[in-house]
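Some notes on the structure that comes next.
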2 protein chains.
Amino acid sequence: MVANGVSDSVNGPQASCSPLSLENINPKVVQAQYAVRGEIVIRAKELEDKLHDGEKLPFDKVLYCNIGNPQQLGQHPVTFYRQVLALCDYPELMDNAQAQNIFPSDVIARAKKYLAAIPGGTGAYSDSRGAMVLRQDIAKGIEERDGYPCDPDNLFLTDGASQGVHSMMRLLLRNEKDCILTPIPQYPLYSATLTLYGGELLPYYLHEETGWSLDINELREQTYKARSEGKSVRGLVVINPGNPTGQILSYENQVDVVKFCKEEGIALLADEVYQANIYRPDKAFTSFKKVLCDLKEKEVTLASMMSISKGFYGECGRRGGYTELVNLDPKVLAEVYKLASINLCSNVNGQICMALVMNPPKEGDPSYKLYAEERNELLASLKRRAVKLHKTLSALQGVTCTEPEGALYAMPHIRLPQGAIEAAKKVGKAPDFFYCMQLLEETGIVTVPGSGFKQEEGTYHFRTTFLIPEPETDEVAERLVKFHNSFLAKYGEPEQ
Amino acid sequence: MVANGVSDSVNGPQASCSPLSLENINPKVVQAQYAVRGEIVIRAKELEDKLHDGEKLPFDKVLYCNIGNPQQLGQHPVTFYRQVLALCDYPELMDNAQAQNIFPSDVIARAKKYLAAIPGGTGAYSDSRGAMVLRQDIAKGIEERDGYPCDPDNLFLTDGASQGVHSMMRLLLRNEKDCILTPIPQYPLYSATLTLYGGELLPYYLHEETGWSLDINELREQTYKARSEGKSVRGLVVINPGNPTGQILSYENQVDVVKFCKEEGIALLADEVYQANIYRPDKAFTSFKKVLCDLKEKEVTLASMMSISKGFYGECGRRGGYTELVNLDPKVLAEVYKLASINLCSNVNGQICMALVMNPPKEGDPSYKLYAEERNELLASLKRRAVKLHKTLSALQGVTCTEPEGALYAMPHIRLPQGAIEAAKKVGKAPDFFYCMQLLEETGIVTVPGSGFKQEEGTYHFRTTFLIPEPETDEVAERLVKFHNSFLAKYGEPEQ
C-alpha cells in the first residue's frame with residue numbers, strides 16, 4: 001500500500017463533481033417538507049436558548065404544542081413499562097435481593113419471560129421482524145382487541161410507526177405516476193415520504209363542516225380522475241382517529257372504505273396510532289383489521305400501523321411500533337421481510353415496550369392497580385384538557401373548532417384579517433404560518449400552521465396539541481386569547 | 001358520514017391495480033439483495049425449529065456466525081452501560097435507598113446528568129439530530145480520539161450506522177447515472193441501498209494477495225471509466241477496519257484516499273464502525289476525520305459513521321450510531337437535519353448508549369476498574385478467537401485466509417472442486433453458496449457466501465465471525481475441518 005498514483009490525476013478527465021450544494025444533491029430531499037419540525041420549531045429553539053441565556057422575552061418558557069410529545073411536557077411514564085424495561089436492560093437487578101423488594105413479581109416474571117425467549121436480550125439483533133415472543137404478545141393483544149386471530153408472522157416491529165410508512169411507500173411506489181390517496185389535512189409524514197419515494201399525493205378532502213368526515217364519493221372521483229390522467233392509484237391512507245383533525249370514523253364509513261379498496265384494487269394503509277385516544281363516550285375505535293374480518297374480506301391488502309408514541313403512554317423517544325400486514329401475497333410479505341433485514345431490526349427496547357402496550361397487566365396481577373390508575377388518570381386528564389382547549393379556541397373571534405373526538409390535537413379554523421393576509425404575502429409566507437410565528441414570538445406557544453398539513457384553498461388553520469400540563473392550561477389559554485385579540489387589533493377584524 | 005356512493009363504482013373506469021404481487025411492487029425492492037440475512041439464515045431458523053421440536057440433526061445447536069451479533073452468542077454486556085440505561089429508563093430507582101447500594105455513584109451521576117438535560121428523558125422525542133447533551137459527550141470522545149475539535153451540530157445520532165448510510169445514499173443519489181465507489185468485497189448494506197435508492201455500485205477491488213489492500217490507481221481508473229460513460233461519481237465508501245475483509249488501512253493509504261477525493265470532488269463515506277476492534281499490536285486505527293484535520297483539508301466532504309453494535313461492546317439490539325459530517329455546506333447540513341426530522345429522532349436509549357461508548361468511565365471513577373476489566377477481557381478474547389479461527393481456516397486444504405487485523409470476521413478464500421462447482425450450477429446456485437448451505441446442513445454453522453459480498457470473478461469465499469464463545473471454539477473448529485474434508489471427499493480435490 002504505497003502512496004501511489006497521485007500525480008496521475010492530472011491526466012484524467014476533469015472532476016465532474018462540485019462540492020455538495022443544494023443544486024447538486026437529490027432534489028427530492030430539497031423538495032420534501034415536514035412542517036411539524038420546520039422553521040417555527042427552529043425559531044422556538046432559538047428563543048429557548050435566549051431565555052436560557054437570561055434574555056427577557058414576553059414569556060418565560062417555550063411550550064411545544066407542535067408535536068405529540070407528552071413526556072417532554074412533563075407527563076409521567078407508565079410505571080409498569082419502565083420497570084420491565086429497566087430489568088431487561090440490566091437483568092442482574094433481578095438477582096439482587098434488595099431489588100426484589102422494589103419490583104412487583106409480575107414485572108420480574110415478564111422480564112424473565114422476555115429475556116428467556118430473546119437470545120442476547122436487548123443487546124442482540126432480533127429477527128428482523130421483531131423478536132417472536134414479543135410479536136406473539138402483540139398478536140394476543142390484537143386478538144383481544146378485535147376478536148379475530150392475528151398471525152405473528154404478519155407483524156413487523158418498527159422504530160416508531162414512521163418506519164412502517166417508509167416501508168409501505170418504498171414497496172408501493174414505482175415511479176412518479178404512482179399515487180397514494182391521502183387525506184387533506186394530513187400528517188406531513190405522508191407528503192414528505194411521497195416526495196422522497198417519488199410518488200404523487202392524490203388528495204381527498206376531509207369535510208370540516210361535518211366534523212372532518214370522509215366522503216367515499218370523493219375517493220372515487222379522485223381515483224377515476226387520476227386514472228384518466230394515466231396515473232396508478234396504489235394505496236389509500238386513512239388516519240383514524242384523525243391527525244391533525246381528531247375525528248373518529250364511523251363503522252359504516254369504515255365498511256365503505258374497505259369496499260372501495262376492494263372494488264378499486266387499492267391497498268389500505270391504516271394509520272391507527274391514536275387508537276387508545278378516544279374522548280367521546282358515544283364513539284369507539286374499530287380497527288380496519290376487525291372490519292376486514294367482519295366482512296370476511298380476503299382480497300383487500302391492509303397495513304395497520306401502530307406506535308408506542310401516542311395513546312396515554314406517549315413513549316415517543318423509545319421508537320417502537322408495528323405494522324400488521326393482512327391479505328398480502330406471501331411472496332410480497334417475503335420482500336417486506338427482506339426490506340426489514342436490510343436494516344437488521346428495530347430497537348429491542350422499543351419492541352419490548354410495544355409488547356407491553358399491547359399486553360398490559362391484567363386484573364389480579366400485582367401491577368394492575370397502579371397501571372389502571374395511571375392509565376385512567378392520563379386519559380381523563382387528556383380529555384379534560386381537550387374539552388378546555390376546544391372551549392378556549394371556539395370562543396376566539398373568527399375561530400371555529402371541531403371538537404376533538406380522539407388523538408392529541410385540536411385543529412382550529414381561523415379567519416384571518418385581510419391586513420394579516422397581505423402582511424404575510426409581503427414577507428412571502430403563508431398567512432397561517434405568519435399567525436403561528438407571531439403566536440410563538442409573543443407567547444412562546446409552538447404550533448403548526450395548517451398549511452403544513454395542506455388544507456382547503458383559502459382556509460387557514462393551525463394544529464395544537466392539548467398536552468400542556470393541567471396546572472398551566474389556564475395561563476396558556478389566557479396568553480392565547482390575549483395574543484389573538486391583539487393580533488386582530490393590529491390587523492383588523494376577520495372577514496367572515 | 002353515510003354509506004354513500006358504493007353503487008357508483010360500476011360506472012367508473014376499471015380498477016387499474018391488481019392485488020400486490022412481485023410483478024407490480026417497486027422492482028427496486030425485488031432487486032435488492034442482503035445476503036447477511038438471506039436464504040441461508042432462513043434455512044438456519046428452520047433447522048433451529050426442528051431441533052426445538054426434538055428432531056435429530058447432525059448437530060445440537062445452530063451457530064450464527066453470519067452476523068456480528070455477539071450478545072446473541074452469549075457475550076456479556078458492559079455493566080456500566082446497562083446500569084446507566086436502567087436508571088435512565090426507570091429513574092425512580094435513583095431515589096430508592098436500596099438501589100443506591102446497587103449502583104456506583106458515577107453511574108447515578110451520569111444518569112442524573114443526562115436526565116436533567118433531556119426534557120422527558122428516554123420517553124420523549126429528542127432533537128432530531130439527537131439530544132444535545134449526548135452529542136456533546138460524543139463530540140468530547142471524538143476530540144479525545146483525534147486531537148481535533150468536533151462540533152456537536154455536525155453529529156447526527158442514528159438507529160445504528162445503517163440509518164446513516166441510508167441518509168447519505170438518499171442525499172447523494174439523484175438518478176441511475178449516479179455511482180458510489182464501493183469496495184469489493186463489500187458489506188451488502190451498500191449494494192442493497194444503492195439498489196433501493198436507484199444508484200449504481202462502482203466497484204473497486206481490494207487486493208487479497210496483499211492483505212486486501214486498497215489501490216488508489218484503481219479508484220482513479222474506475223472513476224475515469226465511469227465518467228467516460230456519462231456517469232457521475234458521487235461518493236467513495238471506505239470500510240476501515242474492513243468488513244468483510246478485516247484489514248486496517250495504513251495512514252499513508254488514508255492520506256491518498258483523501259487526496260483522491262479532493263482531486264476528484266468526491267464525498268468520502270467512511271464506515272468506521274469497527275474502530276475499537278484492532279488485534280495487531282503493530283496496527284492502529286486512525287479516523288478519516290483526523291486525516292482530514294492533519295491535512296488541514298477543508299474541501300473534502302466526509303461522513304464518518306459509527307455504531308454501538310460493534311467494538312467490544314456489541315450492543316446490536318439497541319440500535320445506536322452516529323454520523324459525523326465534516327466540510328459540508330451548511331445549507332446541505334440543514335437538509336440532512338430536515339431528513340432526520342421526518343423520522344422524528346433515533347431511539348434515545350440507543351443515543352445514550354452511543355454517548356456512553358464514546359465517553360466511558362475514566363481512571364479514578366468508581367466504575368472504571370470493572371469497565372476496564374470487561375473491555376480488556378472482551379478484546380483479548382476476540383483476539384484469541386481471531387487467531388485460532390485464522391489458524392483453523394488456513395490449515396484447510398485449498399483454503400487461504402488473510403489474517404484478520406481488525407473487525408469481527410475472517411474471509412477465507414476457498415478453492416472448490418470442479419465437481420462442486422458443477423453441482424452448484426445444476427441447482428442454480430453460486431458455488432460458495434452451495435458450500436455454505438452444506439456447511440449449515442451438516443454442522444449448524446451459519447456463514448455468508450462470498451458471492452453475497454461480491455468478489456473477484458472466479459474466486460470463492462465465505463465470511464464467518466469469530467464470535468463463538470471460547471469454550472466452544474475447539475469443537476466448532478473440529479466440525480468445520482470434518483465438514484471441509486468430507487466435502488472434498490465427495491466432490492474431489494480442489495484445483496489450484
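Hydrogens, waters and symmetry mates are skipped; everything else that's a heavy atom, side chains included, is used. Not measured: the values here are computed from a predicted model. Sequence lines set the chain letters: A, B, ... in the order given, protein chains first and strands last, and positions in each chain run from 1.
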So what's closer than 4.5 Å to chain B heavy atoms on [X]: side chain, backbone, both or neither?
X        : answer
A/Cys353 : neither
A/Asn343 : both
A/Gln163 : side chain
A/Tyr81  : neither
A/Leu328 : side chain
A/Ser126 : backbone
A/Leu22  : both
A/Lys28  : neither
A/Asn175 : neither
A/Leu196 : both
A/Tyr125 : both
A/Ser128 : both

Do you know which of [options] has the most heavy-atom pairs with chain B at a distance under 4.5 angstrom?
options                                : answer
A/Lys331, A/Arg170, A/Glu315           : A/Arg170
A/Leu87, A/Leu189, A/Thr193, A/Asp127  : A/Asp127
A/Cys345, A/Pro70, A/Gly121            : A/Cys345
A/Ile342, A/Val165, A/Asp178, A/Thr301 : A/Ile342
A/Arg318, A/Gln33, A/Glu221, A/Glu299  : A/Arg318
A/Asn101, A/Val255, A/Thr79            : A/Asn101

What residue in [options] has the most heavy-atom pairs under 4.5 Å with chain A?
options                                : answer
B/Ala192, B/Ala131, B/Gly120           : B/Gly120
B/Val348, B/Asn69, B/Val332            : B/Asn69
B/Ser162, B/Pro27, B/Pro119            : B/Pro119
B/Tyr197, B/Tyr313, B/Tyr337, B/Phe260 : B/Tyr197
B/Gln351, B/Gln75, B/Lys45             : B/Lys45
B/Val300, B/Val30, B/Asp329            : B/Val30

TODO: Working to the nearest 0.5 Å, report the span between CZ of A/Arg82 and SG of B/Cys88.
DONE: 9.5 Å
Task: CD1-CD distance between B/Ile118 and A/Gln72, expressed to the nearest 0.5 angstrom - done: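 Between atom CD1 of B/Ile118 and atom CD of A/Gln72 there are 12.0 Å.
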Open item on the list: Centre-to-centre under 6.0 Å for B/Tyr90 and A/Phe103, is that the case here?
Closed with: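 Yes: the rings meet the under 6.0 Å criterion.
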TODO: Verify side-chain contact (heavy atoms from CB on, under 4.5 Å) between A/Leu172 and B/Leu20, making sure each step is shown before the conclusion.
DONE: CA-CA 9 Å; A/Leu172 292 171; B/Leu20 295 177; 3.6 Å; yes
Open item on the list: Determine whether a donor-acceptor pair (N or O, by modelled atom type, separation under 3.5 Å) exists between the side chain of A/Asp89 and the backbone of B/Leu85.
Closed with: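 Judged by distance alone, no pair lies under 3.5 Å.
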Task: Short side-chain to backbone donor-acceptor contact, A/Asn26 and B/Leu171, under 3.5 Å - done: no
Region of [X] in contact with chain A, defined by heavy-atom distances below 4.5 Å:
X        : value
B/Ile25  : both
B/Leu339 : side chain
B/Glu92  : side chain
B/Asn327 : neither

- [ ] Can you sort out the partners of B/His207 under side-chain contact (heavy atoms from CB on, under 4.5 Å), two or more places apart, ordered by chain and number?
- [x] B/Glu209, B/Thr210, B/Ser213, B/Asp215, B/Glu218
- [ ] Sorted by first residue and then second, give each salt bridge (Lys or Arg N to Asp or Glu O under 4.0 Å) pair with at least one member in residues 336-348 of chain B; sequence neighbours left out.
- [x] B/Glu335-B/Lys338
- [ ] Output, in order, the C-alpha distance, side-chain angles, deciding distance and verdict of side-chain contact (heavy atoms from CB on, under 4.5 Å) for B/Asn347 and A/Asn349.
- [x] CA-CA 9 Å; B/Asn347 84 87; A/Asn349 186 291; 5.6 Å; no
Task: A/Arg174/B/Asn24 under side-chain contact (heavy atoms from CB on, under 4.5 Å): CA gap, chis, key distance, verdict - done: CA-CA 8 Å; A/Arg174 300 161 301 185; B/Asn24 66 18; 3.9 Å; yes
Task: Worked verdict on B/Leu344 versus A/Arg319 for side-chain contact (heavy atoms from CB on, under 4.5 Å) - done: CA-CA 9 Å; B/Leu344 298 165; A/Arg319 314 307 285 120; 3.9 Å; yes
